[in-house]
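The structure under discussion appears below in the form of structure tokens.
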Amino acid sequence: MIIPRPQKINLLNEKGYSIDSIFDIEDLACNEIQDTTLPNEGYILAIKENMVELKYKDHIAKERAKASLTQLVKTCGQEIPAMIIEDAPKIQMRAYMLDVARYFFSVEEVLKQIDYLALYKFNTLHLHLNDDQGWRVEIKAFPKLTEIGSIRRRTLFRLKEHKGYYTQDDLRKIVDYAHSKGIRVIPEIDVPGHFQSAVASYPEFGCFNRNVRVAENFGVKFDVACIGKENTVDAIKTIIKELMSIFTDEYFHIGGDEVPSQRWELCPHCKQKYLALGCKNYNEFQAHFMNELGAFIINNGKTPIMWNESNPTGIIDERIVWECWDIDYNNEKFQKEIARGRKIINAKTEPYYLDLPYGINNLKRVYDYEPLVFEENLIGVETCLWGELLPNVKTARKKTFPRLLAVAERLWSNEKDYFSFEQELIQHNKILETFGVKPTPKWLYNPTGIVKIFSKLWWARRVLYWAGLPNIITNAKIKKKYGR
Ligand SMILES: [Zn+2]
């Protein structure tokens, strides 16, 4: 009936609520009572013959209850059985990341995604708004970011232009809609790496004022932000400041992942700053920048988040939340960070990256994973949909469902029962179909044999696209020109 499975369901031995004539849950005769003593997002639903009674903590909890009711109406047929549901989530932040930078999703598609998230009781949408392959948000102070940075001349899949960006009004619309569904929005401006679309728009943001194009293939690019120049650092703060007034929730994500140091090592501005700071390596050099940006965000009343790499340097400001995607949780240095009180978001690539093929992150693996790590330090858990290989919404949906439902269940519910979850899923295919999502067959979501091998090979070819060679050739040219 309900995914994620509620904490407590008491089925009553009496007649249930007839839903013959209900087309919309707003038509349901529902008696609503606010009860602020309930836990966060907590609600109690009593369903009887002629009456549904709903107790809820606040408007967010009411949205969670409405999600349960919607699922009951859509899966129960003629009559919702009489029952009492007492419910509240296990994990406080249940997040989903959408990469709109590689391929643009229209405002309507993002709103639709918010509907899915609300229906399955996620409470956080993280938007990855820029990358080497595209800049997707209007910034009034730097109009060329969208005039130039939002257009890719071609992509991996098509030899034609791909473009799109959100105006600031679009962004407000997305944030307002998410809030109406009890979902917070975390914006991410990824710096100093994954920044080539910005350098393409304003060459002076990069190390050698070179004219580069918005990246056409994917991979880690060397044209990162020149953090040796105060002007670039100030520009990044201006960009963040503009967005902070639109994204009104607590968190702001500043990326920080996969930053190659090749340009910095050759750049006179960066070399000068590196020496002035007394850095021992370029990890430290980046850490100084992340700390400066983190402090800027904190001074503006918000909490910064950054992606965490596998080699923590031990000098990142402990007020910055680490979103852990490839951390070895047994790593000694990492455990020291935990002891320092570092707050974390668990976004473990395997199994929580939904863009990975089902041959790697199959449905059962996603369901079986235990998301609660370092409970004292854990702010939340996030599942991510990266867009490098997802050129359209249809492909994105195939990757998202049904795995999103498995994540939903494990982040909300204390109970774990894969067999009954898989049974429930059949009922939920009906709901997903009304959203235009075709059910993924079992042989695909839990592949075995040749399908599994094919799935892994398909993923392995991604390495060929990682574009290491063009990076190395260009860097050799720069080294010849500027290096000593
Ligand atoms: Zn530089």
Side-chain angles (χ1 to χ4, degrees), residues 101 129-135 139 141-142 144-145 148-149 188-215 218-241 253-297 304 306-307 309 311 313 315-317 320 467-484:
L129 293 167
N130 74 295
D131 215 298
D132 298 311
Q133 293 81 2
W135 187 278
I139 301 294
F142 299 105
K144 282 196 275 181
L145 285 173
I148 296 169
E188 179 189 350
I189 291 298
D190 199 351
V191 283
H194 291 278
F195 200 59
Q196 189 169 312
S197 62
V199 176
S201 313
Y202 292 93
E204 62 271 29
F205 289 175
C207 277
F208 294 95
N209 295 8
R210 295 168 62 245
N211 286 311
V212 294
R213 279 206 284 260
V214 176
F218 76 87
V220 176
K221 306 299 177 197
F222 284 11
D223 282 293
V224 301
C226 176
I227 57 174
K229 286 186 223 160
E230 280 315 307
N231 283 350
T232 306
V233 177
D234 289 345
I236 290 168
K237 287 181 185 169
T238 304
I239 290 165
I240 290 174
K241 181 102 185 169
H253 205 305
I254 47 175
D257 59 318
E258 298 180 317
V259 190
S261 60
Q262 277 84 348
R263 294 286 185 274
W264 294 344
E265 289 167 33
L266 298 171
C267 168
H269 304 283
C270 288
K271 280 201 283 194
Q272 196 186 2
K273 194 167 175 183
Y274 180 96
L275 292 172
L277 290 168
C279 297
K280 288 195 281 297
N281 56 53
Y282 282 90
N283 268 347
E284 277 192 29
F285 187 53
Q286 187 195 339
H288 281 287
F289 168 74
M290 301 315 289
N291 285 348
E292 183 177 345
L293 221 51
F296 173 74
I297 287 166
M306 66 178 279
W307 295 106
E309 311 285 321
N311 297 308
T313 59
I315 55 166
I316 298 271
D317 188 330
I320 303 177
L469 198 57
N471 276 340
I472 293 163
I473 293 169
T474 317
N475 206 56
K477 283 184 192 160
I478 293 173
K479 205 167 186 172
K480 203 171 162 198
K481 196 168 168 190
Y482 300 98
R484 268 183 286 164

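Just so you know, ligand 1 is whichever comes first in the structure, and atom 1 is the first atom listed for that ligand. No hydrogens, no waters, no symmetry mates; every other heavy atom, side chains included, goes into these values. Nothing here was measured: the structure is a model prediction, and the numbers come from that model.
Of the possible polar contacts, none joining the Asp223 side chain to the Ala200 backbone as a donor-acceptor pair under 3.5 Å is found.
Within the protein, the number of N/O/S atoms found under 2.8 Å from the Zn ion (ligand 1) is 4.
The heavy-atom pair separating Cys270 from Gly228 by the smallest distance is SG-N, 3.4 Å. Nearest heavy atoms, Asp190 versus Gly256: OD1-N, 3.2 Å. The shortest heavy-atom contact between Pro192 and Gln286 is CD-NE2, 3.8 Å.
The 12-atom threshold is not exceeded at CD of Gln272, counting heavy atoms of other residues, nucleotides or ligands nearer than 6.0 Å.
In this structure, the ring of Trp264 has its center less than 6.0 angstrom from the ring center of Phe285.
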